[in-house]
Amino acid sequence: MHTFIQQNRLISMDTKIIDGLALSKRIYDDLENRIKKLKNIGTTPGLAVILVGESSASQIYVKNKVKACERVGVLSKQENYPENITESELLNHIHRLNEDNKINGILVQLPLPKHIDTNKVIEAIDHNKDVDGFNVINAGLLMTGNPLFCPCTPYGIMQILKNEKINIRGSEVVVVGASNIVGKPIAMLMLKEGATVTICNSKTKNLELHTKRADIIIAAVGKPGIINGSMIKYGATLIDVGINRNSENKICGDIDFPSVKNIAGYITPVPGGVGPMTIAMLLTNTVESSERSIKTQ
Ligand code: NAP
């Protein structure tokens, strides 16, 4: 990375575009080896994926997860249920999977139909098989600095930062977005690594006041261009979690890529940054769960 200082002004920086796809492939290779070792001792990690209803977006997400399982050798068990399944029927399926020794991870594709209480469903998953890391036991373990399963997107972000050797300890980290699946857990992981963390939400009064002093910005809002070049400091690391469609119907993130380029030190592109890491970490959680179950047998 190069910076040029002229009359006390930084005028250029080669922004490194982080290749999340390449990193995810390396993670898959590593998982393949770990799975081979498990198979040699008679165990195959198993992931159950529950899909309720016919949403085409959810079908694509589930298909990609099942495909990734096949790629590395995880046994996948996809269970599809109709939109009108009752809450108690769905809970019974989860209880059955909780008891199934061949299943190390249970994932319920969200969103669920409105007549089903999503929290109740997430809480029904045995926390030892909660590979999405969404239930309150896993959220609590993460909060208290002793995570069992980290939610996949935040876990993937940590791998990206680690792989790029980006310093977290003592850094100013600004998380934009405070959801239970991205914003809050990534803030906890950053705190655990010694960062000073600010979490912004829709009520934050002056977003750029915070983002301008950040060494690392995690944008997880779902609004294209919510972060632009005038809101960041030179050399900042930008992690773009957002998945949106721009005016040309193309996939884009939350960060205005052209305006931050040559100001940021690092940026994850959309697509090809955080996205591929999310599924890689789902499989990592499943394999870790399988390895743990061997140790406790
Ligand atoms: P979410 O549940 O909709 O939460 C959005 C968060 O953004 C909320 O905390 C909201 O604040 C905050 N927010 C809204 N407007 C804001 C503003 N003007 N300034 C600051 N914060 C603002 O979203 P999510 O599920 O975390 O997802 C966020 C984005 O990431 C979406 O585009 C989603 O598609 C994408 N995503 C990508 C991946 C991946 O694998 N790459 C995974 C998950 C999500 P309040 O709390 O005040 O409402």
Side-chain angles (χ1 to χ4, degrees), residues 17-24 27-28 49 55-58 60-65 67-68 107-112 118-119 122 131-134 139 142 149-161 173-190 197-214 217-228 230-232 238-247 249-257 267-285:
I17 299 167
I18 297 171
D19 188 345
L21 194 60
L23 178 57
S24 72
I27 289 173
Y28 287 127
V49 184
S55 148
S56 53
S58 291
I60 293 170
Y61 291 137
V62 166
K63 197 173 127 200
N64 289 340
K65 288 167 188 172
K67 225 164 83 182
L107 178 153
V108 178
Q109 186 62 46
L110 302 179
L112 289 170
T118 302
N119 286 336
I122 292 172
V131 281
D132 258 339
F134 290 167
L142 175 59
F149 290 111
C150 296
C152 304
T153 303
Y155 195 6
I157 294 170
M158 296 308 284
Q159 299 306 309
I160 287 174
L161 295 172
V173 174
V174 173
V175 179
V176 188
S179 70
N180 288 336
I181 64 168
V182 188
K184 285 180 200 160
I186 189 64
M188 289 303 123
L189 287 170
M190 289 291 184
V197 185
T198 304
I199 310 176
C200 301
N201 59 41
S202 63
K203 291 97 191 165
T204 298
K205 282 188 186 140
N206 186 344
L207 190 56
E208 73 172 70
L209 189 79
H210 303 284
T211 56
K212 262 187 174 160
R213 59 179 167 73
I217 298 174
I218 319 274
V221 176
K223 289 187 180 160
I226 191 152
I227 306 292
N228 65 49
S230 70
M231 299 168 71
I232 66 165
L238 308 182
I239 304 293
D240 195 347
V241 182
I243 303 176
N244 313 293
R245 295 247 170 217
N246 65 16
S247 52
N249 206 31
K250 286 202 178 117
I251 299 274
C252 70
D254 284 352
I255 298 176
D256 178 42
F257 195 88
I267 184 166
T268 60
V270 179
V274 173
M277 289 298 291
T278 298
I279 298 186
M281 300 326 291
L282 169 70
L283 297 194
T284 302
N285 276 343

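First listed ligand is number 1; within each ligand, the first listed atom is number 1.
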**Study point:** Check: Lys184/Asn180 side-chain N/O donor and acceptor closer than 3.5 Å
**Key:** yes

Practice item. Report the part of Val241 (side chain from C-beta onward, or backbone N, CA, C, O) that has a heavy atom under 4.0 Å from ligand 1; answer both or neither where that applies. Key: both

Point to revise | Protein non-hydrogen atom below 4.0 angstrom of atom 19 (N) of ligand 1 present | key: yes

Review point. Which atoms of ligand 1 sit under 4.0 Å from any heavy atom of Ile181?
Key: 25 (O)

Study note, to complete from the structure: Closest heavy-atom approach to atom 7 (O) of ligand 1 among Pro154, Gly177, Cys152 is made by Gly177

Revision key, fill the gap. Out of Ala220, Gly273, Cys252, Gly253, the nearest non-hydrogen contact to atom 28 (C) of ligand 1 is supplied by Ala220

**Study point:** Side-chain donor/acceptor of Ser55 to backbone N/O of Ser58, under 3.5 Å
**Key:** yes

Review point. So between Thr204, Val270, Thr278, Val221, whose heavy atom ends up nearest atom 23 (O) of ligand 1?
Key: Val221

Practice item. Report the residues that fulfil side chain to side chain contact (heavy atoms under 4.5 Å, CB included) with Cys150, sequence neighbours left out, ordered by chain and then residue number. Key: Pro147, Tyr155, Leu189

Practice item. With heavy atoms only and a cut-off of under 4.0 Å, state how Lys223 meets ligand 1: side chain, backbone, both or neither. Key: side chain

Practice item. Could you tell me the residue and atom name of the protein heavy atom closest to atom 21 (N) of ligand 1, and the distance to it rounded to 0.1 Å? Key: Asn201 C, 3.1 Å

Check your understanding: Which atoms form the tightest heavy-atom contact between Asn244 and Lys223, and what is the distance?
Key -> OD1-N, 3.6 Å

Point to revise | For atom 4 (O) of ligand 1, closest protein heavy-atom neighbour | key: Ser179 CB, 3.8 Å

Exercise for review: Please report the closest heavy-atom contact between Pro185 and Leu142, naming both atoms and the distance.
Suggested key: CB-CD2, 3.5 Å

Revision key, fill the gap. Atom 43 (C) of ligand 1: closest protein heavy atom, distance to 0.1 Å, is Val182 CG2, 3.8 Å

**Study point:** Side chains of Gln159 and Thr284 in contact at under 4.5 Å (non-hydrogen atoms)
**Key:** no

Revision key, fill the gap. The closest protein heavy-atom partner of atom 33 (C) of ligand 1 is Ile243 N, 4.2 Å

Check your understanding: Quick one: are Ile181 and Thr153 in side-chain contact, heavy atoms under 4.5 Å?
Key -> no

**Study point:** Any side-chain heavy-atom pair of Asp132 and Phe149 under 4.5 Å
**Key:** no

Review point. Tell me, do Tyr61 and Leu110 make a side-chain contact under 4.5 Å, heavy atoms counted?
Key: no

Practice item. Can you pull out the closest protein heavy atom to atom 10 (C) of ligand 1? Residue, atom name and distance to 0.1 Å, please. Key: Ser202 N, 4.1 Å

Practice item. Compute the shortest N/O to N/O distance between Ala178 and ligand 1 and return yes if it is under 3.5 Å, no if not. Key: yes

Check your understanding: Any side-chain heavy atom of Val270 sitting closer than 4.5 Å to one from Val241?
Key -> no

Study note, to complete from the structure: Within the 4.0 Å heavy-atom cut-off, what Thr153 brings close to ligand 1 is side chain

Check your understanding: Which protein non-hydrogen atom lies closest to atom 31 (C) of ligand 1, naming both residue and atom, and how far is it?
Key -> Gly222 CA, 3.7 Å

Practice item. Check Ile226 against ligand 1 and report side chain, backbone, both or neither, counting heavy atoms closer than 4.0 Å. Key: side chain

**Study point:** Note, Leu238 side chain near Ile232 side chain (heavy atom, < 4.5 Å)
**Key:** yes

Check your understanding: Quick one: does Val176 get an N or O within less than 3.5 Å of an N or O on ligand 1?
Key -> no

